[in-house]
Participant: 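Here it is: the structure, laid out below.
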Amino acid sequence: MKKPDAKLVLLGDMNVGKTSLLHRYTERKFKDTISTVGGAFFLKQWGPYNMSIWDTAGREQFHGLGSMYCRGAAAVIFTYDVTNWQSLVELEERFLSLTDTANHDCIYAVVGNKADLTDAKAQMSQDSGRPQLLSACPTPPATPASLSGVILHKQVTHEDAVALYGRILRYKGLEEKSSLPAEKMCFETSAKTGHNVDTLFETLFDLMLPSILRKRNENQNSPTVDLEECSVASSKQAKSACC
Ligand SMILES: Nc1nc2c(ncn2[C@@H]2O[C@H](COP(=O)(O)OP(=O)(O)OP(=O)(O)O)[C@@H](O)[C@H]2O)c(=O)[nH]1
Ligand SMILES: [Mg+2]
């Protein structure tokens with residue numbers, strides 16, 4: 001198996017759709033998933049480069065593994081579910097610090113998945129003539145009994161994601177002005193319909209190119225062997241694997 005040129009890691013709470021995004025991109029399908037155990041990686045040939053994409057478990061019990069998966073990452077996707085405010089909150093509270101082991105020039109994207117559901121909900125709300133309960137708000141709205149069963153999930157807006165992206169940059173000690181702009185790095189996707197999924201991965205691969213070239217250059221100039229990568233490569237025979 002070829003040695004990966006760069007590593008991209010998907011982080012986020014359970015059930016936000018990380019595995020589904022990966023399936024959609026690598027297999028062009030939306031298929032049934034089971035909650036990920038530990039993590040799994042996939043290799044994607046992108047032009048002359050081998051990209052490794054790491055799918056991590058969102059469940060709390062696997063949290064300790066997250067920083068290991070982020071070690072040496074050239075890009076991290078912070079994934080939330082657009083219908084679930086708490087999944088955005090968790091990114092900052094639980095997942096951001098895991099990226100301390102990522103490369104110093106790591107690229108960060110904030111991705112709201114399940115965009116197909118918000119469209120459906122918005123449509124449903126309009127059709128029924130009910131009041132719009134879909135606007136984002138940081139605390140749960142009081143839900144009158146008369147409205148129970150309408151729409152209980154809050155939506156996360158693009159502006160919420162952009163604000164989180166700004167806080168990620170600050171946490172990383174990066175200047176907003178000299179970093180990649182939020183408009184470019186905040187995506188809304190649907191693993192179900194495929195909306196924006198190719199754009200997400202390919203935008204990130206493009207942006208990872210300087211990191212790939214730097215790494216190739218370092219490897220050429222150094223006779224030392226990267227033990228971490230070799231152990232990963234030698235223990236994985238298949239295109240994808242669990243670990
Ligand atoms: N409607 C809709 N459902 C989705 C989408 N993406 C994922 N799902 C569903 O959401 C559930 C969770 O998806 P997974 O991809 O397993 O989520 P995950 O983030 O990998 O979860 P963990 O492995 O537990 O961390 C599944 O029932 C998926 O079918 C999407 O874009 N739209
Ligand atoms: Mg999963």
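What you see below is based on every heavy atom in this structure, not just the backbone, and it leaves out hydrogens, waters and symmetry mates. First listed ligand is number 1; within each ligand, the first listed atom is number 1.
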Participant: Test your reading of the model: is there a side-chain donor-acceptor pair from D160 to the backbone of T157, 3.5 Å cut-off?
Facilitator: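 The answer is yes, because a donor-acceptor pair under 3.5 Å joins these two groups.
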
Participant: List, ordered by chain and residue number, the protein residues whose closest non-hydrogen atom lies under 4.0 Å from any atom of ligand 1.
Facilitator: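 Residues D13, M14, N15, V16, G17, K18, T19, S20, F30, T33, S35, T36, A57, G58, N113, K114, D116, L117, S190, A191, K192 each place a heavy atom under 4.0 Å from ligand 1, listed by chain and number.
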
Participant: Hydrogens and angles aside, do T99 and K172 bring a side-chain donor and acceptor to less than 3.5 Å of each other?
Facilitator: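 T99 vs K172: donor-acceptor pair found between side chains.
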
Participant: Should D81 and K114 count as an ion pair when the cut-off is N to O under 4.0 Å?
Facilitator: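 Between K114 and D81 there is a salt bridge, with a charged N closer than 4.0 Å to a carboxylate O.
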
Participant: Looking at D13 and R59, is there a salt bridge between them, counting it only when a charged N and a carboxylate O are closer than 4.0 Å?
Facilitator: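 No, no charged N to carboxylate O under 4.0 Å.
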
Participant: Judged by atom type as modelled, is there a donor-acceptor pair below 3.5 Å linking the side chain of T189 to the main-chain atoms of N196?
Facilitator: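 Judged by distance alone, no pair lies under 3.5 Å.
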
Participant: If the Mg ion (ligand 2) is the vertex, what is the angle to OG1 of T19 and OG1 of T36, rounded to 10 degrees?
Facilitator: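 For OG1 of T19 and OG1 of T36, the angle centred on the Mg ion (ligand 2) reads 90°.
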
Participant: Measure across Q155 and W85 and return the closest heavy-atom pair with its distance rounded to 0.1 Å.
Facilitator: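 For Q155 versus W85, the nearest heavy atoms are O-CE3, 4.4 Å.
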
